[in-house]
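Indexing begins at 1, ligand by ligand and atom by atom, following the structure's order. As the structure is a computational prediction, the values presented were derived from the model and not from experiment.
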Amino acid sequence: MDYKKELVEYAKLCEIKGLVNALEGNVSILDREKNLLYITPTGTRKATLEEEDVAVLEFDSEKQLSGKKASSEYRLHKAAYLARKDCNAVIHSHCEALTSFAIRGEDVVCDAMALFRIVKGRAKCLPYGQPGTVEIAKGIEEAISDSPICLLGNHGVICIAPTLDKCEAWLEGLEGATKTMLLAKQSGELKPIPGFWEQF
Ligand code: 13P
């Protein structure tokens, strides 16, 4: 498995899809067998990322082994991987629609669109924590125990999945659905899907 290649490919896709940019968001893959974390470098445009730029850290010790200086949010990624042993990819994003809930400190709740099944109808919002510290991940174990996505209060969102392909797809899908939900709310009440909550 070429983790650097995969990370570069998906980091670029994330920038194309508006999920990350030069100053916001970061993407990682965990190789659990080798105890290695591959993560985008700090303050870097993902669209022009090269494989040699990818920061490689020893997961347990957090020691950087190669690449440019790791994302300042590597502790957030680590907390998510520790909480979800079944997952090997994380995207942290400040994407607009989901983040608009985070800056109100509000969970995203929706029973009117099938796509929200990914989060069982609710993406929880964690309280504010100082970016770049472990504080940002306080409560993450519970929030992502049965959901791939949670909001980070006054900050953004994190998505965790078994693969980076799924992680990008879920985050892109949820961001798009949240935009549609906000648009629909401007013109009236949302109509719930019958039996939505009974399926979980
Ligand atoms: P980095 O540029 O260090 O990855 O941080 C961006 C960010 O999203 C901070 O929350």
Side-chain angles (χ1 to χ4, degrees), residues 3-4 6-31 36-59 61-84 87-106 108 123-140 143-144 148-161 164 167-168 170-172 174-175 178:
Y3 292 108
K4 283 189 188 174
E6 191 183 351
L7 189 79
V8 167
E9 187 185 320
Y10 278 91
K12 286 182 179 176
L13 178 62
C14 284
E15 180 146 358
I16 290 167
K17 297 292 179 182
L19 298 172
V20 301
N21 58 45
L23 303 175
E24 299 174 292
N26 20 78
V27 184
S28 75
I29 302 178
L30 179 59
D31 178 353
L36 292 178
L37 178 71
Y38 295 81
I39 191 163
T40 48
T42 187
T44 306
R45 182 165 292 293
K46 284 70 176 174
T48 52
L49 200 65
E50 307 272 2
E51 284 182 36
E52 60 264 31
D53 299 336
V54 172
V56 185
L57 273 67
E58 232 170 43
F59 183 67
S61 69
E62 299 174 10
K63 188 179 162 221
Q64 181 150 358
L65 303 175
S66 61
K68 289 191 177 162
K69 191 173 188 292
S71 166
S72 56
E73 300 293 8
Y74 70 88
R75 295 178 195 87
L76 169 67
H77 290 243
K78 186 174 180 180
Y81 288 123
L82 290 174
R84 288 290 302 270
C87 290
N88 304 303
V90 165
I91 301 171
H92 162 53
S93 169
H94 297 177
C95 49
E96 296 157 15
L98 289 163
T99 301
S100 75
F101 281 81
I103 61 178
R104 288 199 304 272
E106 215 181 279
V108 180
K124 288 178 194 146
C125 183
L126 300 181
Y128 174 76
Q130 176 79 30
T133 72
V134 277
E135 283 299 301
I136 197 179
K138 219 170 172 183
I140 200 168
I144 60 170
I149 285 186
C150 82
L151 305 182
L152 308 163
N154 300 94
H155 186 160
V157 55
I158 184 167
C159 183
I160 184 158
L164 195 46
C167 198
E168 193 284 331
W170 288 346
L171 186 57
E172 182 189 340
L174 252 303
E175 170 67 4
T178 303

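In summary, the atoms of ligand 1 found under 4.0 Å from a heavy atom of H155, numbered by their order in the structure, are 10 (O). In the vicinity of S71, heavy-atom distances shorter than 4.0 Å reach the ligand 1 atoms 1 (P), 3 (O), 4 (O). Close contacts between ligand 1 and E24 involve ligand atoms 8 (O) [criterion: under 4.0 Å to a heavy atom]. For ligand 1 and T42, the ligand atoms under 4.0 Å from any heavy atom of the residue are 1 (P), 2 (O), 3 (O). Of all atoms in ligand 1, numbered sequentially from 1 with element shown, those under 4.0 Å from a heavy atom of H92 are 8 (O), 10 (O).
Summary of contacts: the protein heavy atom closest to atom 2 (O) of ligand 1 is G43 N, 2.7 Å. From the protein, the heavy atom lying nearest to atom 10 (O) of ligand 1 is E73 OE2, 2.7 Å. Distance from atom 6 (C) of ligand 1 to its nearest protein heavy atom, with residue and atom name: L23 O, 3.3 Å. Nearest protein neighbour of atom 8 (O) of ligand 1, counting heavy atoms only, is G25 N, 2.8 Å.
Note that the CD1 atom of I144 and the NZ atom of K124 stand 11.0 Å from one another [nearest 0.5 Å]. The distance from atom CG of L126 to atom CG of N154, rounded to the nearest 0.5 Å, is 11.5 Å. Note that the CG atom of L164 and the OH atom of Y3 stand 11.5 Å from one another [nearest 0.5 Å].
Between P41 and L49 the shortest side-chain heavy-atom distance falls below 4.5 Å.
Figure legend: cation-pi geometry between K78 and F59, with NZ or CZ positioned under 6.0 Å from the six-membered ring centre and within 45° of its axis.
Considering backbone and side-chain N/O of K46, none are found under 3.5 Å from N/O of ligand 1. Looking at H94 next to ligand 1, an N or O pair under 3.5 Å apart turns up.
Listed by first and then second residue, the side chain to side chain donor-acceptor pair (under 3.5 Å) pairs that reach into residues 91-102 are E24-H94, H92-H94, H92-H155, H94-H155, sequence neighbours excluded.
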Quiz item: Between S28 and Y81, is a side chain to side chain contact (heavy atoms under 4.5 Å, CB included) present by the stated rule, with each step listed?
Solution: CA-CA 10 Å; S28 75; Y81 288 123; 2.7 Å; yes
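When heavy-atom distances to ligand 1 are checked against a 4.0 Å cut-off, N26 comes that close only through its side chain, counted from C-beta outward. Contacts between S72 and ligand 1 below 4.0 angstrom, taking non-hydrogen atoms only, involve backbone and side chain alike.
Judged by distance alone, with hydrogens and angles left aside, the side-chain atoms of E175 form a donor-acceptor pair with the main-chain N or O of A97 at under 3.5 Å.
Residues meeting the salt bridge (Lys or Arg N to Asp or Glu O under 4.0 Å) test with K68, sequence neighbours left out: D53.
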